[in-house]
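As structure tokens, the structure follows; a few thoughts come after it.
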Amino acid sequence: MTKKYDAVIIGAGHNGLVCAFYLARAGLKVRLVERRDVVGGAAVTEEFHPGFRNSVASYTVSLLQPQVIRDMKLEDEGYRVIERPISNFLPQEDGGYLKLGGGMERTQAEFRRFSAHDANILPEYYDSLEGVADVLRDLAMKTPPNLGGGLKTLIDGALQGRKLAGLTIDRQRDVLDLFTKSARTLLDSWFESEAVKAAFGFDAVVGNYASPDTPGSAYVLLHHVFGEVNGKKGAWGHSVGGMGAITQAMARVVTALGVEISLEAPVSRVLVNGGKVAGVKLESGEEVIADRVIANVGPKLLYERMFAEGDLAPEFRRRIKAFKVGSGTFRMNVALSELPRFTCLPEAGEHHQSGIIIAPTLDYMDQAFIDAKAQGWSQKPIVEMLIPSTVDDSLAPDGQHVASLFCQQFAPELPDGRDWDTEEGKAAETIIDTVEAYAPGFRASILGRQILSPKGLERRFGLVGGDIMHGNMSLDQLWSARPVLGNGAYRGPLDGLYMCGAGTHPGGGVTGAPGHNCAQEVLADRSFFGRLIRR
């Protein structure tokens with residue numbers, strides 16, 4: 001007799017695990033099907049060189065929702081995050097450097113070396129960001145109003161809009177600025193120093209294939225300040241054991257609740273019967289029958305590759321075809337014989353435990369994007385290096401280290417018919433050359449490396465176009481319009497179809513928010529009241 005489930009979830013990444021937790025806790029029979037041989041999606045820890053382990057794709061912690069951590073009791077499963085002593089360290093082209101973080105007074109003292117004006121105005125800038133971020137933090141764990149969603153649309157719109165409407169006129173202006181302006185325009189209105197503007201502007205191009213001059217890029221800057229570590233807002237940290245330690249802990253929690261996890265179980269298509277989903281068919285030929293299908297894969301992967309011709313309306317397919325993906329990201333993991341010795345700060349120190357940002361000015365970031373559009377990748381890439389082995393000795397042999405190199409800007413598709421499979425080595429050499437210019441001897445210290453171009457990220461993790469956000473975080477693809485207006489409340493265009501990944505509100509990053517919110521909508525739809533208010 002065929003076993004039937006209340007829900008089958010495609011993809012055992014962190015959002016799929018979070019969604020499974022809330023559903024199973026409510027008594028639903030849930031099965032997770034995962035293409036790879038390990039849970040975690042892009043949040044995994046793997047050995048990439050003998051004796052060296054690292055977070056392969058997602059690599060740092062801040063955005064994981066405190067409510068998810070509490071509800072899943074992850075700390076009981078060993079969840080532990082070590083906060084960075086300072087946020088970021090930016091070597092400068094003139095041989096100097098800037099450190100960001102470590103407290104307001106310390107950051108102001110650092111900024112004062114570059115501009116007294118910038119140091120003095122910093123508290124006001126932080127207040128401006130924090131005033132908007134607090135509202136958006138609250139919205140992150142709420143379902144957006146869904147156009148066509150009946151009475152619930154009106155209720156949600158009123159409730160969520162009330163908090164925005166309650167902001168002072170100055171804060172409302174800040175909201176408008178952050179959602180519409182370029183990062184450069186916004187930062188130019190606050191700061192004088194190019195180094196200071198770069199320190200903040202870097203966040204605007206993380207996972208964003210765009211220039212800091214692109215309208216709307218200021219919002220991406222804001223997206224990266226939503227988080228917190230150990231109760232400290234805006235902080236970032238290292239997960240002990242790598243990012244995979246988080247998703248392995250989640251897997252233990254959901255398994256204890258009775259969730260079935262099937263590894264090496266790729267989905268070939270979603271089964272549809274009479275306009276309603278009926279489960280999924282695996283590439284093995286097995287059919288998993290379920291009342292609900294919940295997709296923790298990106299909208300492009302789900303709707304363009306997992307449905308039979310005719311299952312989706314032509315207009316919806318057209319909208320999905322226009323959904324923009326491609327974050328311009330290139331990932332490397334390197335095994336090192338020693339810590340990098342930066343010309344501006346050669347000895348070991350707290351800067352090695354921070355985000356090391358090679359992107360000294362907004363002009364540098366803009367040129368990186370120009371290069372990528374013209375040639376396929378930036379000739380002087382934007383590089384963020386993290387060395388988690390400085391605080392977690394389980395990742396590398398004694399005295400040696402692992403480093404994550406998270407790099408921008410790299411075209412999702414190369415021009416002139418070139419292919420990433422043949423070009424990724426050249427791009428990797430460009431990245432190493434870029435680091436070497438600031439830390440001579442870096443190349444010689446590399447014992448092994450793992451390269452993931454945009455194509456490699458798609459092949460390994462199912463990130464179409466190598467997009468770590470499952471879709472651009474642009475104004476037309478946010479909130480109720482993520483991924484498509486009318487399907488922005490975690491519900492797909494077919495009865496019983498849901499989405500719980502980063503292609504839904506509030507977007508990318510290891511947050512758990514889409515998984516949490518989707519589960520709440522699934523549970524609401526099961527109730528009489530939930531069905532009633534959608535009419």
Side-chain angles (χ1 to χ4, degrees), residues 2-35 41 143-144 146 148-150 152 254-255 257-262 265-282 286-299 301-303 305-308 311-313 316 470 483-484 486-505 512-535:
T2 303
K3 191 173 183 180
K4 187 176 180 181
Y5 297 86
D6 293 311
V8 59
I9 300 176
I10 305 172
H14 81 281
N15 276 312
L17 291 162
V18 170
C19 187
F21 164 76
Y22 287 105
L23 297 181
R25 190 177 68 168
L28 274 66
K29 184 187 298 182
V30 181
R31 183 169 170 185
L32 271 161
V33 290
E34 167 58 42
R35 180 176 63 90
T143 298
N146 197 41
K152 190 173 190 305
V254 302
T255 301
L257 288 172
V259 173
E260 297 179 32
I261 301 177
S262 300
V267 171
S268 62
R269 69 183 175 93
V270 176
L271 300 174
V272 178
N273 185 8
K276 183 184 187 306
V277 297
V280 298
K281 184 175 183 178
L282 305 181
E286 179 188 357
E287 292 187 351
V288 182
I289 306 303
D291 293 327
R292 301 160 191 84
V293 174
I294 304 171
N296 184 34
V297 295
L301 182 56
L302 173 65
Y303 293 119
R305 304 182 192 179
M306 291 186 177
F307 280 89
D311 282 343
L312 300 171
F316 183 81
H470 286 195
V484 173
N487 294 105
Y490 309 101
R491 294 171 183 81
L494 300 174
D495 189 19
L497 178 64
Y498 298 83
M499 297 167 283
C500 72
T504 61
H505 172 76
H516 166 275
N517 297 351
C518 177
Q520 306 316 305
E521 297 308 305
V522 172
L523 296 175
D525 286 350
R526 294 177 77 233
S527 70
F528 172 77
F529 181 70
R531 292 192 297 272
L532 181 66
I533 65 174
R534 293 184 200 290
R535 292 178 180 174

Where [X] and [Y] come nearest, the two heavy atoms and their spacing:
{"X": "Pro514", "Y": "His505", "answer": "CG-O, 3.7 Å"}
{"X": "Leu257", "Y": "Ala24", "answer": "CB-CB, 3.9 Å"}
{"X": "Pro483", "Y": "Pro299", "answer": "CB-CG, 3.6 Å"}
{"X": "Leu32", "Y": "Ala20", "answer": "CD1-CB, 4.0 Å"}
{"X": "Arg35", "Y": "Pro266", "answer": "CG-CB, 3.7 Å"}
{"X": "Ala278", "Y": "Asn273", "answer": "CB-CB, 4.4 Å"}

side-chain hydrogen bond (donor to acceptor under 3.5 Å, both in side chains) against Lys4, all qualifying residues, sequence neighbours excluded =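 Scan of Lys4 (side-chain hydrogen bond (donor to acceptor under 3.5 Å, both in side chains), adjacent residues dropped) gives Asp291.
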
Output the distance between atom [atom1] ([X]) and atom [atom2] ([Y]), rounded to the nearest 0.5 Å.
{"X": "Ile261", "Y": "Ile9", "atom1": "CD1", "atom2": "CD1", "result": "9.5 Å"}
{"X": "Asn15", "Y": "Met499", "atom1": "CG", "atom2": "CE", "result": "13.0 Å"}
{"X": "Phe316", "Y": "Asn487", "atom1": "CZ", "atom2": "CG", "result": "5.0 Å"}
{"X": "Leu282", "Y": "Glu287", "atom1": "CG", "atom2": "CD", "result": "9.0 Å"}
{"X": "Cys500", "Y": "His516", "atom1": "SG", "atom2": "NE2", "result": "13.0 Å"}
{"X": "Asp495", "Y": "Arg292", "atom1": "CG", "atom2": "CZ", "result": "9.5 Å"}

From Thr504, Thr143, Asn517, residue fulfilling side chain to side chain donor-acceptor pair (under 3.5 Å) relative to Tyr490 |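 Exactly one pass, corresponding to Asn517.
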
Heavy atoms, side chains only, cut-off 4.5 Å: are [X] and [Y] in contact?
{"X": "Pro493", "Y": "Tyr303", "value": "yes"}
{"X": "Arg305", "Y": "Val297", "value": "no"}
{"X": "Leu523", "Y": "Leu28", "value": "yes"}
{"X": "Val272", "Y": "Leu497", "value": "no"}

Can we say Arg526 and Asp6 salt-bridge, meaning some charged N sits less than 4.0 Å from an Asp/Glu carboxylate O?
->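 Answer for the salt bridge query: no.
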
So which of Asp311, Leu302, Val8 actually passes side-chain contact (heavy atoms from CB on, under 4.5 Å) with Val270?
->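 Of the listed residues Asp311, Leu302, Val8, the side-chain contact (heavy atoms from CB on, under 4.5 Å) partner of Val270 is Leu302.
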
For Ile294 and Leu23, what are the C-alpha separation, side-chain angles and deciding distance, and is it a side chain to side chain contact (heavy atoms under 4.5 Å, CB included)?
-> CA-CA 11 Å; Ile294 304 171; Leu23 297 181; 3.5 Å; yes

